Q: 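Questions regarding the structure given below will be posed in turn.
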Amino acid sequence: MAWFDDSDDFLLSPQAFDFPCYVVCLEQRGVPGLDLIRLIRRRSSVGILAISNPENEGFVAALEAGADMVLRQDAPEDHVRAAIRAVVRRSAGAAQAASQAPWQLLEEQSVLQAPDGTRIALGESDLAIMRCFARAEGGRVARRALIESLWGDGRESMDNALHVTLYRLRKRIEQAGQALVPVHSVSKVGYEFRAPLVRV
């Protein structure tokens with residue numbers, strides 16, 4: 001579990017969109033809570049619990065922005081814990097259903113095909129990364145292996161460039177209309193593709 005006093009700090013954290021569940025206060029410093037919910041929902045299908053003020057203002061807006069449930073700020077602690085368990089359970093079921101059909105890497109065409117048939121054109125760097133994911137058992141690839149596949153052996157201090165490259169790949173998938181983007185960072189390891197992936 002991680003706690004952020006300021007939503008700007010959250011957005012700048014390296015694993016901002018890799019948590020299994022989110023509890024978002026609608027009233028907070030930095031990016032407004034409703035905007036934060038929209039940003040999270042665009043990048044993840046996990047459960048989101050919104051916390052409104054005692055007057056429950058923003059209830060409808062939070063649900064429309066992508067929250068799964070809304071509780072008032074003065075809700076008892078056991079209600080909050082139960083709500084978190086509920087949204088995690090629901091999002092896990094949805095993720096399992098979405099993961100049944102595989103993503104396809106069409107190498108010769110430099111295309112990544114989503115389970116719904118959407119074809120996403122890949123640049124040279126995107127294709128190199130997706131080849132690494134497709135070859136890796138479980139879709140998890142070490143940071144060093146990704147750097148070497150992109151820029152060759154012996155390249156040092158390329159972590160920032162790798163982060164930017166993976167961010168662009170995520171945006172490419174997201175902009176193609178995919179609600180679930182399976183590219184995630186793995187702390188102290190590298191990155192992984194959290195969905196079935198086959199090479200065609």
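What you see is a predicted model; the values in this text were computed from it and never measured. Atom set for the values below is all heavy atoms of this structure, side chains included, hydrogens, waters and symmetry mates excluded. For this chain, numbers begin at 1 and follow the sequence in order.
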Q: Calculate, to the nearest 0.5 Å, the distance between atoms SG and CD1 belonging to Cys21 and Ile48 respectively.
A: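 Here the rounded value is 8.5 Å.
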
Q: Is it true that Leu34 and Ile51 fall in one hydrophobic cluster, defined by side-chain heavy atoms closer than 4.5 Å?
A: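 No, no single cluster joins them.
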
Q: Between Leu26 and Leu36, does the side chain to side chain contact (heavy atoms under 4.5 Å, CB included) criterion hold? Intermediate values first, please.
A: CA-CA 9 Å; Leu26 298 183; Leu36 194 58; over 6 Å; no

Q: Sorted by first residue and then second, give each salt bridge (Lys or Arg N to Asp or Glu O under 4.0 Å) pair with at least one member in residues 51-69; sequence neighbours left out.
A: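 Every pair satisfying salt bridge (Lys or Arg N to Asp or Glu O under 4.0 Å) with a residue in residues 51-69: Arg41-Asp68.
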
Q: Carefully, step by step, assess Val198 and Leu105 under the rule side chain to side chain contact (heavy atoms under 4.5 Å, CB included).
A: CA-CA 6 Å; Val198 296; Leu105 177 60; over 6 Å; no

Q: Would you say Val46 and Pro20 make side-chain contact, with heavy atoms under 4.5 Å?
A: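 With C-beta onward as the side chain, the pair stays apart.
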
Q: If Ile, Leu, Val, Met, Phe, Trp and Tyr residues are connected whenever their side-chain heavy atoms lie under 4.5 Å apart, and connections chain through other members, are Leu197 and Leu146 in the same group?
A: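 Cluster IDs for Leu197 and Leu146 match.
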
Q: Is the shortest side-chain heavy-atom distance between Val24 and Leu49 below 4.5 Å?
A: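 Val24 does not reach Leu49 side chain to side chain.
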
Q: Is Trp151 reachable from Leu169 through a run of I, L, V, M, F, W or Y residues, each pair having side-chain heavy atoms under 4.5 Å apart?
A: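 The answer is yes; both residues are in one hydrophobic cluster.
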
Q: So which heavy atom on Gly138 is nearest to which on Glu192, and how close?
A: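 Scanning both residues, the minimum pair turns out to be O-OE1, 4.4 Å.
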
Q: Considering all heavy atoms of both residues, which atom of Met69 and which atom of Ala83 are nearest to each other, and what is their separation?
A: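 Where Met69 meets Ala83 most closely, the heavy atoms are SD-CB, 3.4 Å.
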
Q: For Asp35 and Arg38, which heavy atoms make the closest approach, and how far apart are they?
A: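 Scanning both residues completely, I find the closest heavy atoms to be OD1-NH1, 2.7 Å.
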
Q: Going only through I, L, V, M, F, W and Y residues with side-chain contacts under 4.5 Å, is there a path from Leu71 to Val23?
A: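 Yes; Val23 is reachable from Leu71 via cluster members.
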
Q: In terms of hydrophobic clusters joined by side-chain contacts under 4.5 Å, are Ile129 and Leu127 together?
A: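 As far as the 4.5 Å side-chain criterion goes, Leu127 and Ile129 are connected within one cluster.
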
Q: If the condition is ring-ring contact (aromatic ring centres under 6.0 Å, His included), which residues does Phe4 pass it with, not counting sequence neighbours?
A: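 Result, ring-ring contact (aromatic ring centres under 6.0 Å, His included) vs Phe4: Phe10.
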
Q: Quick one: do the Gln73 and Asn53 side chains pair a donor with an acceptor below 3.5 Å?
A: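 Looking only at side-chain atoms, Asn53 and Gln73 do not form any donor-acceptor pair under 3.5 Å.
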
Q: Excluding sequence neighbours, so at least two apart, what forms ring-ring contact (aromatic ring centres under 6.0 Å, His included) with Phe19?
A: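 With sequence neighbours excluded, Phe19 shows a ring-ring contact (aromatic ring centres under 6.0 Å, His included) to Tyr22, given in chain and number order.
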
Q: Please name the pair of heavy atoms, one in Ala50 and one in Ile37, separated by the smallest distance, quoted to 0.1 Å.
A: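 The answer is CB-CD1, 3.9 Å.
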
Q: Can you run down the ring pair (Phe, Tyr, Trp, His ring centres under 6.0 Å) pairs that involve residues 116-149, sequence neighbours left out, and say none if there aren't any?
A: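 Qualifying pairs, neighbours excluded: Phe133-Phe193.
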
Q: Under 3.5 Å, which donor-acceptor pairs link side chains of residues 106-114 to any protein atom two or more places apart or in another chain?
A:
{"residue": "Glu107", "atom": "OE1", "partner": "Arg131", "partner atom": "NE", "Å": "2.8"}
{"residue": "Glu107", "atom": "OE1", "partner": "Arg199", "partner atom": "NH2", "Å": "3.3"}
{"residue": "Glu107", "atom": "OE2", "partner": "Arg199", "partner atom": "NE", "Å": "2.7"}
{"residue": "Glu107", "atom": "OE2", "partner": "Arg199", "partner atom": "NH2", "Å": "2.9"}
{"residue": "Gln109", "atom": "OE1", "partner": "Arg119", "partner atom": "NH2", "Å": "2.3"}
{"residue": "Gln113", "atom": "OE1", "partner": "Arg119", "partner atom": "NH1", "Å": "3.4"}

Q: Answer yes or no: is there a donor N or O on one side and an acceptor on the other, between the side chain of Ser125 and the main chain of Thr165, under 3.5 Å?
A: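 A pair under 3.5 Å: no.
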
Q: Using modelled atom types and a 3.5 Å cut-off, is there a donor and acceptor pairing between side-chain atoms of Asp18 and backbone atoms of Ser185?
A: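 Yes, Asp18 side chain to Ser185 backbone: donor-acceptor pair under 3.5 Å.
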
Q: Step by step, work out the salt bridge (Lys or Arg N to Asp or Glu O under 4.0 Å) result for Arg81 and Asp78.
A: CA-CA 5 Å; Arg81 286 198 299 266; Asp78 61 328; 5.8 Å; no

Q: Where is the tightest heavy-atom contact between Ala195 and Pro182, given as atom of each residue plus distance?
A: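 Result for this residue pair: CB-CB, 3.9 Å.
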
Q: So with a 6.0 Å cut-off around CZ of Arg135, is the heavy-atom count from everything else above 12?
A: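 For Arg135, atom CZ is crowded (more than 12 foreign heavy atoms under 6.0 Å).
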
Q: For Tyr191, check ring-ring contact (aromatic ring centres under 6.0 Å, His included) against everything at least two apart and list the hits.
A: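 Here no residue qualifies.
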
Q: What's the separation between atom CZ in Phe17 and atom CD in Glu174, rounded to the nearest 0.5 Å?
A: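 Going from CZ on Phe17 over to CD on Glu174, the span is 8.5 Å.
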
Q: Are Val189 and Arg143 side-chain neighbours, meaning at least one heavy-atom pair lies under 4.5 Å?
A: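 No. Closest side-chain heavy atoms not under 4.5 Å.
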
Q: The test is side chain to side chain contact (heavy atoms under 4.5 Å, CB included); show your working for Asp6 and Gln28 and say whether it passes.
A: CA-CA 7 Å; Asp6 188 310; Gln28 59 177 289; over 6 Å; no

Q: Could you check Ile120 against Gln175 for side chain to side chain contact (heavy atoms under 4.5 Å, CB included), going step by step and ending with a plain yes or no?
A: CA-CA 9 Å; Ile120 303 161; Gln175 289 169 352; over 6 Å; no

